Amino acid sequence: MSGNQTFTMIKPIAVKKNHIGPILHMINEAGFRIKAMKFTHLNKQQAMEFYSVHVGKPFYEELTTFMSSGPIVAAILEKENAVEDFRKLIGATDPAKAAEGTIRKLFAESMSHNAVHGSDSDENAIIESDFFFSKIDRY
Ligand code: GDP
């Protein structure tokens, strides 16, 4: 059975371009409830740990440098079928391939600067949420 929570980050480029508001609006309009949220800034070590699944890939260095280049918004989102529905809302990893009306189509600049993160499985949603939030930070 699919879970009812996913984890997202509004990435540094979208924060810098003042897209926090419009992106959160789309998330709420799509029926997601915010269960936890924080405005924070990953250091390089934390970005490397968060994306450790990509160690060794050619984009790992660029990705972790970018993700530690400025503040992000991290959040746990709640909705039925959360992981799959949120992946649909954000669109493909490569914004050139993202469907019309998706967050990445609207706000991403490139594959590396693709505006938002969304968990790709229920298991990773739990791991990623636990990376940022303790139990008392969730409402
Ligand atoms: P996501 O789940 O759609 O975010 O994609 P992944 O978990 O596979 O990758 C994490 C992030 O790494 C993506 O959001 C991209 O910003 C970046 N990324 C993934 N694949 C590539 C790639 O082939 N080239 C570059 N430059 N960045 C990539």
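Counting convention: from 1, in listed order, for ligands and their atoms alike. It should be emphasised that the depicted structure is a prediction, and the values quoted were computed from it without experimental measurement.
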*Does some non-hydrogen atom of H54 fall short of 4.0 Å from ligand 1?*
yes
*asked:* Check for me whether R104 has a heavy atom closer than 4.0 Å to any atom of ligand 1.
replied: yes
_For E109, is the CD atom crowded, meaning more than 12 foreign heavy atoms sit under 6.0 Å from it?_
yes
*Which is closest to atom 2 (O) of ligand 1 in terms of heavy atoms, R87, H117, H113?*
R87
*Is it the case that K17 places NZ or CZ above or below the six-membered ring of F107, under 6.0 angstrom from the centre and within 45 degrees of the axis?*
no
*Just by modelled atom types, is the T93 backbone N or O under 3.5 Å from a matching donor or acceptor in the N114 side chain?*
yes
*Contacting atoms of ligand 1, where contact means under 4.0 angstrom from a heavy atom of T93*: 1 (P), 3 (O), 5 (O), 13 (C), 14 (O), 15 (C)
_Those atoms of ligand 1 less than 4.0 Å from some heavy atom in K11_ = 13 (C), 14 (O), 16 (O)
*Hey, does M111 come in under 3.5 Å of ligand 1, counting only N/O atoms on both sides?*
yes
_For A47, is there any backbone N or O sitting under 3.5 Å from a side-chain donor or acceptor partner on T64?_
no
*Identify the two heavy atoms, one from Q46 and one from F131, that lie closest to each other, and give their separation to 0.1 Å.*
O-CZ, 3.5 Å
_So for D120, does at least one of its heavy atoms come nearer than 4.0 angstrom to any atom of ligand 1?_
no
*Would you tell me which option among L63, N114, N124 has the nearest heavy-atom contact to atom 14 (O) of ligand 1?*
N114
